[in-house]
Q: 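My structure is below; once you've seen it, I'll send some questions.
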Amino acid sequence: MNPRNKKRAMARNKLRGLYAVTPEAAYGAGLLADVAAALAGGCRLVQYRDKQSAMPERAARARALRELTRRFDATLLINDDLALAFLVSADGVHLGVDDGNLIAARAMLGPERILGASCYADYAAAQAASAAGADYVAFGAVYPSPTKPAAPAAAVDLFTKAKTGLTAATCAIGGITCDNAPPLLAAGADLLAVITDLFGAPDIAARAAQYQRLFERATP
């Protein structure tokens, strides 16, 4: 394996478990406290997603999240913003279908940072993303989602198909709860991206730990 592919393989090895995606309504100290609770519960992958705030506010929150995730030896990705990811020395980015060229993003990120791509219910898009250098591809909504109610439904068998057909890891997103997650893991999902069921829980740390136990019981 050449050095570049080896580094990308090492990045993908981190891509298993609960993937905490920050809710749009969480700001300031409340956001940091909630993410800290998720990390205390065992989550090691966080995506900062904020499509509403001004850039100075987003940069300040991203820097604070960078410091927090480092304390927990966790990985921080930035949603849809390469410039912000570089500004705060994040571990990578997640790009939507209209948020930038994946090949260009891969070249800018280099082999060590993580690149994720939204593929919705489109397996051909996942093939293209994997070929372009994405470390993981996200399928969803796997269940009805309060965050993206208009998202197309993604069949569970996409994960089974991707397991043998793609080099990228797979991420399930959309309406996921601890109760409906096991079929996704059984089908081959490597990551469970969760917003509401995690950050809306009365005990975020306990809910994160519950998700991590699902992965411990599932066969990789």
Q: I want to check something: taking the side chain as every heavy atom from C-beta on, are D157 and Y123 in contact at a cut-off of under 4.5 Å?
A: no

Q: Check the pair D135, R113 against side-chain contact (heavy atoms from CB on, under 4.5 Å), reporting the backbone distance first and the verdict last.
A: CA-CA 9 Å; D135 296 295; R113 285 190 169 98; over 6 Å; no

Q: Look up atom CD1 in I173 and atom CG in L184, then write down how far apart they are to the nearest 0.5 Å.
A: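 Separation between the atoms: 12.0 Å.
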
Q: What about L109 and V97, same hydrophobic cluster or not, with Ile/Leu/Val/Met/Phe/Trp/Tyr joined at side-chain heavy-atom distances under 4.5 Å?
A: no

Q: Report yes if some heavy atom in the side chain of V156 is under 4.5 Å from a heavy atom in the side chain of V142; otherwise report no.
A: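 A side-chain contact under 4.5 Å is absent here.
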
Q: About how many Å separate CG of L82 and CG of L95, when rounded to the nearest 0.5 Å?
A: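 Separation between the atoms: 5.5 Å.
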
Q: Compare every heavy atom of L214 with every heavy atom of A181, then report the nearest pair and how far apart it is.
A: CB-CD1, 3.9 Å

Q: For the residue pair S53 and R61, what are the closest heavy atoms and their distance?
A: OG-NH1, 2.8 Å

Q: Checking side chain to side chain contact (heavy atoms under 4.5 Å, CB included) against Y136, which of D190, L166, T170, I114 comes through?
A: I114

Q: For residues A134 and A168, report the shortest heavy-atom separation together with the two atoms involved.
A: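 What the structure gives for the nearest pair is O-CB, 3.5 Å.
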
Q: Got R66 and D91 here, is their nearest side-chain heavy-atom distance under 4.5 Å?
A: yes

Q: Check the hydrophobic clustering (I, L, V, M, F, W, Y; side-chain heavy atoms under 4.5 Å; chains of links allowed) and say if V88 and M55 are grouped together.
A: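 Yes, because V88 and M55 connect within a single hydrophobic cluster, where side-chain heavy atoms sit under 4.5 Å apart.
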
Q: Can you name the closest pair of heavy atoms from A208 and A38 and give their distance?
A: CB-O, 3.5 Å

Q: In the structure I gave you, are the side-chain heavy atoms of Y19 and H94 within less than 4.5 Å of one another anywhere?
A: yes

Q: May I ask you to say whether K51 pairs ionically with D81, meaning some side-chain N is under 4.0 Å from a carboxylate O?
A: no

Q: Would you mind reporting whether R70 and L76 have side-chain heavy atoms less than 4.5 Å apart?
A: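 No - every pair of side-chain heavy atoms lies 4.5 Å or more apart.
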
Q: Looking at T22 and R49, would you say the former's side chain and the latter's main chain have a donor-acceptor pair under 3.5 Å?
A: yes

Q: Contact between C171 and Q47 at the side-chain level, heavy atoms closer than 4.5 Å - yes or no?
A: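 No - every pair of side-chain heavy atoms lies 4.5 Å or more apart.
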
Q: Taking atom types as modelled, find out whether Q210 and R207 have a side-chain donor-acceptor pair closer than 3.5 angstrom.
A: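 A donor-acceptor contact under 3.5 Å links the two side chains.
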
Q: Linking I/L/V/M/F/W/Y whenever their side-chain heavy atoms sit closer than 4.5 Å, directly or via other members, would Y120 and L191 fall into one cluster?
A: no

Q: When you measure from the side chain of T160 to the backbone N and O of A187, does any donor-acceptor pair fall under 3.5 Å?
A: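 Here the side-chain-to-backbone pair exists.
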
Q: Would you compute the distance between atom CZ of R213 and atom CG of L18 and round it to the nearest 0.5 angstrom?
A: 12.0 Å

Q: Mind checking the CG-CG spacing from D50 to D80? Nearest 0.5 Å is all I need.
A: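 Going from CG on D50 over to CG on D80, the span is 11.5 Å.
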
Q: So V35 and Y48, do their side chains get closer than 4.5 Å, heavy atoms only?
A: no

Q: Evaluate the side-chain proximity of P23 to I195: yes if any heavy-atom separation is below 4.5 Å, no if none is.
A: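 The answer is yes; the side chains approach within 4.5 Å.
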
Q: Once you round to the nearest 0.5 Å, how far does CG of D197 lie from CD1 of I176?
A: 9.0 Å

Q: Mind listing the closest non-hydrogen atom pair of A90 and I78 along with its distance?
A: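 Smallest interatomic distance, heavy atoms only, reads CB-CG1, 3.7 Å.
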
Q: Any chance you could measure T177, atom OG1, to L198, atom CG, to the nearest 0.5 Å?
A: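 Separation between the atoms: 12.0 Å.
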
Q: How close do A59 and L87 get, heavy atom to heavy atom, and via which atoms?
A: CB-CD2, 4.0 Å

